[in-house]
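In what follows, a single structure is set out as structure tokens and then discussed.
Throughout, residue positions are numbered sequentially from 1 according to the sequence presented.
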Amino acid sequence: MTEHSEITIDTRAVEELIVERAKRSYTRLPMLEVVFDRFALSLAQVLKSYLGAMVDVTLKQVDYLTCQDAIDALPDPSLIAVTEALDWNGTIAAVMRPDLLYSVLEITFGGRTVPESPRSARSFTGIEKRVGKSFCEQTLSELSSAFEKVTPVKFEVSHLETNPKALLLAPPTSSCARAVLSLNIEDRVSEMVFLLPNTAFDSVGDVLSQNFTGGQLGGDTGWRLKLTEKLGTTAIPVSAVLGQAVMPLRDVLSWMPGQVLDLGMQVDDPVTISVIGKDIAKAEVGRRKNGKIALKVSDKLYEEEELPDVLLD
């Protein structure tokens, strides 16, 4: 005799999983991801100048989770710069993991030749906090520049925290964007984390949620400044044009030595200063004390422009 038993499927666990996944499903912010990608490129050059060391920065990930989950994932202790986003009227956090803080300290105080060694968790000293705060302010300044082309914002460090459990950015269940940067400083690899609760950028959320279709967005500030410096020291030919006249070719071919050419000029007429064929200024002719002829610029023939903006165009 064969017994038939009925199998009862309990779907409650599946339903609970679906509801839980739905709660943790957050809208991506494509424009925010693009900004942090460009930020990582420009930050490397800025930190090279700041630390005087070789620095490589890569964007490791941008993900979305609850504020509580993002804070719970931080090591204890961490150096947390609680930062006011002044133009957004919100608060974000820039987090230095302990190994990053120690690496910056070693590089800053000349200990780059000392090999890395494991360190036990401990409280940070006053000097370590000051150095860490200065480093965070430098990175936040560059982050502000990265956001400038999308939605201008100024970041200002409010205070420092070292215990993630004491960090209050937003309600624990509110959504949060987390950007993780990997920094390689003189072969010392560590991470810096940025926590941006949605409550911090509610006023510009529609801008950050737009899709990026390519094109110009910001740029590598370090290289732009380098290029600007190089252009500023580039040697170019400058010519002073006393006068010009239009005449038939037959008259030009009939010129003889000693012939006087009438250009229709007066003695006190201004001279046109030309650079690579482009007229840039008018000038008056005079003499210096050593007897050499000199020009005094009297009028500019071009509009003033900020050179970095010209390079971006």
Side-chain angles (χ1 to χ4, degrees), residues 34-35 38-55 57 87 137-139 141-154 213-313:
V34 171
V35 169
R38 303 298 176 91
F39 167 57
L41 292 174
S42 61
L43 183 62
Q45 188 66 29
V46 171
L47 293 183
K48 284 178 186 177
S49 301
Y50 177 72
L51 296 174
M54 293 302 298
V55 181
V57 181
D87 299 271
E137 288 173 341
Q138 191 73 26
T139 58
S141 175
E142 188 60 28
L143 181 60
S144 177
S145 299
F147 271 106
E148 186 176 359
K149 293 293 180 179
V150 177
T151 170
V153 59
K154 182 180 180 182
T213 56
Q216 181 82 25
L217 176 65
D220 188 335
T221 304
W223 282 110
R224 187 168 73 242
L225 293 176
K226 285 288 185 182
L227 182 57
T228 301
E229 293 173 2
K230 289 296 182 182
L231 286 177
T233 57
T234 301
I236 55 175
V238 178
S239 57
V241 181
L242 295 174
Q244 295 178 334
V246 178
M247 57 185 62
L249 180 59
R250 68 172 67 91
D251 293 346
V252 175
L253 296 176
S254 63
W255 285 351
M256 300 294 292
Q259 186 171 347
V260 178
L261 303 178
D262 184 5
L263 299 179
M265 293 181 58
Q266 301 295 327
V267 176
D268 56 352
D269 282 354
V271 172
T272 301
I273 300 177
S274 179
V275 176
I276 317 177
K278 181 178 178 61
D279 297 341
I280 64 167
K282 293 287 187 180
E284 299 174 359
V285 181
R287 286 185 179 274
R288 306 189 67 178
K289 292 181 179 180
N290 57 10
K292 293 185 178 181
I293 295 177
L295 299 176
K296 180 180 179 181
V297 176
S298 58
D299 188 25
K300 291 184 178 181
L301 302 179
Y302 64 93
E303 295 182 0
E304 295 283 352
E305 292 182 278
E306 290 292 337
L307 190 53
D309 294 337
V310 176
L311 294 179
L312 284 175
D313 295 337

Q) Is there a side-chain contact between Val297 and Asp299, using heavy atoms and a 4.5 Å cut-off? A) no
Q: Report yes if the side chains of Glu284 and Leu295 come closer than 4.5 Å at any heavy-atom pair, otherwise no.
A: no
Q: Could you tell me the separation between the OG atom of Ser144 and the CG atom of Asp87, rounded to the nearest 0.5 Å?
A: 7.5 Å
Q) What pairs with Ile293 under side-chain contact (heavy atoms from CB on, under 4.5 Å), at least two apart in sequence or on another chain? A) Val285, Arg287
Q.
If you define the side chain from C-beta out and look only at heavy atoms, does anything of Val57 sit under 4.5 Å from Leu41?
A. no
(Q) Using 0.5 Å steps for rounding, measure from the OG atom of Ser239 to the CD1 atom of Ile273. (A) 9.0 Å
Q.
As an exercise, state the distance from CD of Gln259 to OG of Ser254, rounded to the nearest 0.5 Å.
A. 6.0 Å
Q: Please confirm whether the backbone N or O of Thr139 pairs with a side-chain atom of Glu142, one donor and one acceptor, at under 3.5 Å?
A: no
Q: Kindly compute the distance separating CH2 (Trp255) from CG (Leu261), expressed to the nearest 0.5 Å.
A: 5.0 Å
**Q.** Where Leu301 and Lys282 come nearest, the two heavy atoms and their spacing
**A.** CD2-CG, 4.1 Å
**Q.** Atom pair CG/CZ of Leu43 and Phe39 - distance to nearest 0.5 Å
**A.** 4.5 Å
Q.
Taking the side chain as everything from C-beta on, heavy atoms only, tell me whether Tyr50 gets closer than 4.5 Å to Gln45.
A. no
Q | Short side-chain to backbone donor-acceptor contact, Ser141 and Gln138, under 3.5 Å | A | no
